[in-house]
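Here is the structure we will look at, set down as structure tokens.
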Amino acid sequence: MNYAGRFYYFTSDKEIQTQIANMLSQSLPIIDDHVDEAGNVRLDDSSRSNETSRSGKVKRFDYFNAVQAYLLAERITGQKRSENSRSY
């Protein structure tokens, strides 16, 4: 989502921007189901949760990248997460 959100602002192609906005709009609620109220991310059904780095250590979840993705997606789609709800 982060890379798609960045590309949205990089490209001037309106059709691609529309496709990215639609993808982000559909992705936000799905991703939101994996984040609890404390901000912890559930990775139990992720096929990428046990990837290792070049050093052989298991990669950690990249919260910085995830926050950027959320912010870009919310800005592009106009969807805001409700404070009283776990949905958009």
Side-chain angles (χ1 to χ4, degrees):
M1 286 178 37
N2 191 9
Y3 297 114
R6 288 188 211 172
F7 189 72
Y8 176 92
Y9 290 106
F10 178 77
T11 185
S12 59
D13 186 321
K14 297 298 181 191
E15 184 177 339
I16 291 176
Q17 287 178 330
T18 299
Q19 291 173 354
I20 291 171
N22 289 338
M23 182 270 302
L24 293 173
S25 182
Q26 293 172 12
S27 299
L28 279 170
I30 296 168
I31 300 301
D32 192 48
D33 287 340
H34 289 76
V35 181
D36 67 16
E37 291 79 13
N40 298 309
V41 179
R42 182 175 50 83
L43 299 172
D44 57 344
D45 62 347
S46 172
S47 61
R48 299 185 69 183
S49 60
N50 292 320
E51 286 185 341
T52 57
S53 65
R54 289 183 216 142
S55 68
K57 295 180 181 178
V58 175
K59 291 182 178 180
R60 295 180 180 248
F61 183 77
D62 186 351
Y63 281 94
F64 182 79
N65 192 21
V67 169
Q68 284 185 326
Y70 263 103
L71 293 174
L72 283 167
E74 286 185 347
R75 182 174 183 192
I76 291 166
T77 66
Q79 294 179 14
K80 296 293 181 193
R81 185 175 179 191
S82 170
E83 291 183 24
N84 299 326
S85 170
R86 295 209 14 90
S87 62
Y88 284 83

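- Among all heavy-atom pairs drawn from Val35 and Tyr70, the shortest one is CG2-OH, 3.6 Å.
- For Ser55, the side chain to side chain donor-acceptor pair (under 3.5 Å) partners two or more places apart in sequence, or in a different chain, are Ser53.
- Going from atom CD1 of Ile20 over to atom OG1 of Thr11 covers 7.0 Å, rounded to the nearest 0.5 Å.
- Applying the side-chain contact (heavy atoms from CB on, under 4.5 Å) test to Asn22 and every residue at least two apart in sequence or in another chain returns Thr18.
- The ring-ring contact (aromatic ring centres under 6.0 Å, His included) check on Tyr9 picks up nothing, with sequence neighbours excluded.
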Query - CA sep, side-chain torsions, deciding dist, call: Leu72, Tyr8, side-chain contact (heavy atoms from CB on, under 4.5 Å) - result: CA-CA 9 Å; Leu72 283 167; Tyr8 176 92; over 6 Å; no
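- For CZ of Arg75, the number of neighbouring non-hydrogen atoms (other residues, nucleotides, ligands) closer than 6.0 Å is 12 at most.
- Scanning for side chain to side chain donor-acceptor pair (under 3.5 Å) contacts around Thr52 gives an empty result, with sequence neighbours left out.
- Residues satisfying the ring-ring contact (aromatic ring centres under 6.0 Å, His included) test with Tyr3, not counting sequence neighbours, are none.
- Tyr63 OH: more than 12 foreign heavy atoms inside a 6.0 Å radius.
- Annotation: side-chain contact (heavy atoms from CB on, under 4.5 Å) contacts of Ala66 (sequence neighbours excluded): Phe61.
- In terms of the side-chain contact (heavy atoms from CB on, under 4.5 Å) criterion, residue partners of Met1 (sequence neighbours excluded) are, by chain and number, Leu24, Ser27, Leu28, Ile31, Ala69, Ala73.
- In this structure, the side chain to side chain donor-acceptor pair (under 3.5 Å) partners of Asn40, at least two apart in sequence or on a different chain, are Asp36.
- Partners of Glu15 by side-chain contact (heavy atoms from CB on, under 4.5 Å), not counting sequence neighbours, listed by chain and number: Asp13, Gln19.
- Ser25 meets the side chain to side chain donor-acceptor pair (under 3.5 Å) test with Gln79; sequence neighbours excluded.
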